[in-house]
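Note that the coordinates shown come from a computational prediction; the quantities given were computed from them, not determined experimentally.
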Amino acid sequence: MTTLYEIQNAKILIVDDQEANVKLLEHILSSSGYTTVTSTMDSRQVFDLYRQYRYDLIILDLNMPYLDGFGVMESLKSIEKEGYLPVLVITAEPEKKLRALEIGARDFVSKPFDHIEVLTRIRNMLEVRLLHKKLHSYNDILEQLVQQRTADLRNSYREAIFTLTNAAEHKDEDTGLHIQRIGFYCQELAELLGMGSKFCDEIYYASPMHDIGKMAIPDHILLKPCGLTPEEWDIMKTHTSLGAEILADKKSPYLQMGAEIALNHHECWNGSGYPNKLKGEAIPLPARIMTICDVYDALRSRRPYKPAFDHERAMNIIIKGDGRTQPDHFDPLILNIFTQHQESFREIYQNNIDHH
């Protein structure tokens, strides 16, 4: 609903090269209670005036020197991207009315003026215009609320993720820094691969959940200082499917990607991985990114069965292989990018280790 106060305080611009017409319209409007009426007799000024003041209504003569009313309306379309021109055309030539409406005018008034007709058409146009602006404003507010709600949900998802991943610290004292580094590695590699900001954000929070299934692996297997028996290794490998089950069927995009990574981060490009022996691009991209980051960090880190390796030795194993790890385990494109930018990953490791 638009009030009389809003209508009478609407911003109106009169554009006519005839001073008599301008003064007549100003008199009609002011005597009817309109308070914010301005005018110009130079049509070339309309574009800049409208861009500055965003009038609620422009009363526009069609026949003017330099730039006629049609030219004025065409110029205003570059400002009003939605195509709504609040223009009331005044003309003494009936054949021009249809053309004016086709270009974007909302209504027209014939010369000579009939006072009642002028005021009625102006009021009707202002009611529609002000309601249109209110609707646009409400849509902006609604969009802001949706964005805020989305941000709140995203923060809730992230809190849940940190709760899940931090719980893993109780299983292994090295896990906390490992999961922190993994997020940085995967985000960096995703950016180097040219992935969009949404993907990079999601993999940063999803990748630390890759080993969440290890929480269900018995400590005597998980923390065993020497090699596992075949039976123990079979149990250890179930952490992939267990992790996917923990994270499955969730609406959060972080948990969805987390489940995808948890299930597939031990799959190998050459098909020799587990649990499903996927090969090549059948392995989801987030898991292919995760695989090389996880191997690099595992090589750099102390484990119950091995000491920490320096960067050079870790990269040598990734590039040349050592029997356990082979270069054809990795997506060739990802391996190439990782190798080219290896200093970035060395730096991430150095910045996220326990120096004490």
Side-chain angles (χ1 to χ4, degrees), residues 172-195 200 203-204 207-208 210-211 214 222-228 230 232-233 236-237 239-240 261-262 264-275 277-356:
D172 182 351
E173 63 181 9
D174 293 330
T175 300
L177 289 171
H178 168 66
I179 62 176
Q180 190 175 60
R181 291 190 296 268
I182 282 296
F184 289 125
Y185 293 141
C186 288
Q187 183 182 54
E188 176 74 11
L189 187 50
E191 290 174 354
L192 291 170
L193 288 166
M195 305 305 296
C200 295
I203 201 167
Y204 174 76
S207 55
H210 64 289
D211 275 342
K214 286 185 177 179
L222 183 65
L223 304 178
K224 190 174 181 180
C226 53
L228 301 179
E232 290 172 335
W233 181 236
M236 175 65 85
K237 288 194 292 187
H239 81 274
T240 54
I261 291 172
N264 298 295
H265 71 285
H266 284 293
E267 299 288 0
C268 295
W269 184 259
N270 66 2
S272 65
Y274 66 87
K277 296 193 177 298
L278 298 182
K279 187 174 183 179
E281 292 186 358
I283 306 166
L285 177 60
R288 281 182 268 148
I289 292 172
M290 177 68 211
T291 298
I292 195 165
C293 295
D294 192 30
V295 168
Y296 175 77
D297 198 73
L299 291 170
R300 295 300 314 272
S301 304
R302 179 182 59 81
R303 289 289 183 262
Y305 53 86
K306 63 170 279 294
F309 297 157
D310 62 21
H311 173 80
E312 287 71 22
R313 183 172 179 185
M315 288 305 303
N316 187 63
I317 291 172
I318 288 172
I319 295 168
K320 297 181 179 179
D322 69 347
R324 178 182 177 131
T325 299
Q326 296 298 330
D328 62 355
H329 289 175
F330 311 113
D331 179 328
L333 172 63
I334 292 175
L335 174 59
N336 184 46
I337 294 292
F338 190 93
T339 304
Q340 286 182 22
H341 299 273
Q342 59 180 280
E343 289 303 315
S344 296
F345 302 97
R346 181 209 295 265
E347 186 176 333
I348 289 171
Y349 182 81
Q350 288 299 128
N351 291 338
N352 294 275
I353 59 175
D354 187 351
H355 295 281
H356 297 291

Validation row: Asn270, Gln326 side chains within 4.5 angstrom (heavy atoms): no
In Å and rounded to the nearest 0.5 Å, what is the CD1 to CG distance from Ile334 to Leu285? 5.5 Å
Mind listing the closest non-hydrogen atom pair of Ile203 and Ala190 along with its distance? CG2-CB, 4.1 Å
Nearest-0.5 Å distance that lies between atom CD1 in Ile289 and atom CD in Glu188: 11.5 Å
Can you find a pair of side-chain heavy atoms, one from Phe184 and one from Asn351, that are under 4.5 Å apart? no
4.5 Å side-chain heavy-atom contact, Met290 and Ile182: yes
Over all heavy atoms of both residues, which pair between Ala314 and Phe309 is shortest? Give the atoms and the distance, please. N-CB, 4.5 Å
Over all atoms of both residues, closest heavy-atom pair of Leu189 and Cys293: CD2-SG, 3.8 Å
If we only count heavy atoms from C-beta on, is the Ser272 to His329 side-chain gap below 4.5 Å? yes
Shortest non-hydrogen contact from Gly183 to Tyr204? O-CD1, 3.3 Å
Out of Ser207, Cys200, Pro286, Pro208, which one pairs with Cys186 under the side-chain contact (heavy atoms from CB on, under 4.5 Å) rule? Ser207
Under a 4.5 Å cut-off applied to non-hydrogen side-chain atoms, are Glu267 and Thr240 in contact? no
Quick one: CD on Glu191 to NE2 on His341, what's the gap to the nearest 0.5 Å? 11.5 Å
Kindly compute the distance separating CD1 (Ile292) from CG (Asp297), expressed to the nearest 0.5 Å. 12.5 Å
Heavy atoms from other residues, nucleotides or ligands near CD of Glu281 exceed 12 (cutoff 6.0 Å): no
Does the pair His265 and His239 meet the rule for a ring pair (Phe, Tyr, Trp, His ring centres under 6.0 Å), with working shown? CA-CA 11 Å; His265 71 285; His239 81 274; 5.5 Å; yes
Output for pair (Asn316 CG, Asp310 CG), nearest 0.5 Å, gives 10.0 Å
So which heavy atom on Pro284 is nearest to which on Asn264, and how close? CG-ND2, 3.6 Å
Is any side-chain heavy atom of Met315 closer than 4.5 Å to one of Thr339? yes
Would you say Arg300 and Gln350 make side-chain contact, with heavy atoms under 4.5 Å? yes
Return the minimal non-hydrogen interatomic distance between Leu222 and Met236, and the atom names on each side. CA-CE, 3.8 Å
Does the pair Glu312/Arg346 count as a salt bridge with the N-to-O cut at 4.0 Å? yes
Can you measure from CD1 (Ile261) to NE2 (His266) and round to the nearest 0.5 angstrom? 12.0 Å
Check: Ile283 main-chain N/O paired with Arg288 side-chain donor or acceptor under 3.5 Å: yes
Are the side chains of Asn336 and Phe330 in touch, meaning some heavy atoms are under 4.5 Å apart? no
Anything under 30° is parallel, anything over 60° is perpendicular, the rest tilted; go ahead and classify Phe345 against Phe338. parallel
